[in-house]
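In each ligand, atom 1 is the first atom listed, and ligand 1 is the first ligand listed.
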Amino acid sequence: MLKRIDLKRDYKKHEEEYLSAIRACCEETAFSGGKFADRFDREFADFIGVPYAQGVNNGTSALHCAMSALGIGAGDEVIVPANTYIATAWGVTYTGATPVFADCTPDTWEIDPSVIEDKITDRTKAIIGVHLYGQPFDFDGVKKIADRHGLYVVEDCAQSHGALYKGKMTGSLGDIGCFSFYPGKNLYAFGEGGSITTKVKEYNDYINMMKNQGCAVRYLHEITGYNYRLEGMMGAVLSVSLRYLPEWTERRRQIGRRYLAEINNPKITMQSHPSDTDPVFHLFEVMTEGDPEEFLKYMADNGIECNRHYPVPCHLQKAYEHLGYKPGDCPNAEKLAAHCATLPLFPEMTDDEVSLVIDRVNAY
Ligand SMILES: *Cc1c(COP(=O)(O)O)cnc(C)c1O
């Protein structure tokens, strides 16, 4: 069975390097924050091309920190795409603010700037755009509306490490960028991890306190704090992985471009990728005609594991039932959720495996 993603292949290939990084961290007992987490922060800030990166314990915490650093709280509203992983909205909810869900476009499947303006009220403080599946969203389209209404723009980059929008790194475009290093993301820790990128010192200083029990100076707590620090071992592993990220990204792009060029089954619709973006193919999502579970079963019978991202859009999740959304409120996101399927895509896939996926999809 070809897995949707197989992390063991990378581990086996670089095992010695990973283990020696972990050993170095153990020898220094730099377990919570510390030398290895700090070193990774500097490397990651350089990679994104911003002055500041703050490692945190996961991407959900990164989103929470971003919202708090921008002063968002109870009574505020933040516009969030309906088609995303639910954690994009949790960051808003944790502060007491309300996520307001916006539909995606029918072709890029990214947040649709043309529906945002109708959702803006005098309580709206920010827009979170998600570079979903590794495809940059229409940042300039979102930014234009944000500027017109004095709103912040936060990028959820949990799926877009290294993706470019008009030649610029995602995570360097908006007020704050939020990354996840959950295993299986394009850059991942051996456990949980996340990072927050910004050019603004004031946000960085706030987040440094927030993730660290509310203090800049030990035992002097200036704000409500959280324990959101990045673990040292995660930093140590991430420094190894970051060196391989450009190579992994190149391979993801090769595979993604082959799928786009060679999949020609009229029952399968693929995401469109505007020419001024350079995506990183975190997830290769397709829309099937009819029931995607049938497609998943067909692929599994052919030795190929697929899954789905995401079968229920955020605005129709039970956790947000109290907000009163109904089917039909975000039709493009709902259609995608009803028909989506994810093909295998990870850097260590062989050319033969890529060909097999293409062949089986075309024969569906
Ligand atoms: C993975 C993910 C997150 C959450 O990151 P965690 O590290 O799992 O907390 C947030 N947003 C998106 C779009 C994601 O894919």
S.K.: For Val130, counting its heavy atoms only, list the atoms of ligand 1 lying under 4.0 Å from any of them.
M.R.: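 Ligand 1 atoms under the 4.0 Å threshold to Val130: 13 (C).
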S.K.: Which of the atoms in ligand 1, numbered in the order shown and given with their element, are less than 4.0 Å from a heavy-atom of Asn58?
M.R.: 7 (O), 9 (O)
S.K.: Could you grab the distance from atom NZ of Lys201 to atom CG of Asn208, nearest 0.5 Å is fine?
M.R.: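 It comes to 9.5 Å.
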S.K.: Heavy atoms only: which of Lys185, His309, His64 lies closest to atom 14 (C) of ligand 1?
M.R.: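 Nearest option to atom 14 (C) of ligand 1, by heavy atoms: Lys185.
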S.K.: Show me which atoms of ligand 1 lie under 4.0 Å from any heavy atom of Thr84.
M.R.: 13 (C)
S.K.: Looking at Arg9 and Glu353, is there a salt bridge between them, counting it only when a charged N and a carboxylate O are closer than 4.0 Å?
M.R.: yes
S.K.: If you count the atoms of ligand 1 from 1 in the order shown, which ones are under 4.0 Å from a heavy atom of Gly59?
M.R.: 5 (O), 6 (P), 7 (O), 9 (O)
S.K.: Nearest 0.5 angstrom please: Gln159 CD to Phe281 CZ, how far?
M.R.: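 Rounded to the nearest 0.5 Å, the CD-CZ separation comes to 13.5 Å.
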S.K.: I need the nearest protein heavy-atom contact for atom 11 (N) of ligand 1: residue, atom name and distance, please.
M.R.: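 It is Asp156 OD2, 2.8 Å.
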S.K.: Tyr364 ring centre to Lys267 NZ or CZ under 6.0 Å, with the angle to the axis within 45°?
M.R.: yes
S.K.: Any chance you could measure Trp90, atom CH2, to Tyr85, atom OH, to the nearest 0.5 Å?
M.R.: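 OH of Tyr85 is found 8.5 Å from CH2 of Trp90.
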S.K.: Is the number of heavy atoms from other residues, nucleotides or ligands within 6.0 Å of CD (Glu202) greater than 12?
M.R.: no
S.K.: Relative to the heavy atoms of Thr60, which atoms of ligand 1 are at a distance of less than 4.0 Å?
M.R.: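 What qualifies from ligand 1 is 4 (C), 5 (O), 6 (P), 9 (O).
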S.K.: Would you check the N or O atoms of Tyr182, main chain and side chain alike, for any that come under 3.5 Å of an N or O of ligand 1?
M.R.: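 Between Tyr182 and ligand 1 (N or O atoms, distance only) the closest approach is not under 3.5 Å.
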S.K.: Flag yes if more than 12 heavy atoms outside Arg218 fall under 6.0 Å of its CZ atom; otherwise flag no.
M.R.: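 Result for CZ/Arg218: open.
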S.K.: Within the 4.0 Å heavy-atom shell around Ala87, which atoms of ligand 1 are there?
M.R.: 3 (C), 4 (C), 10 (C)
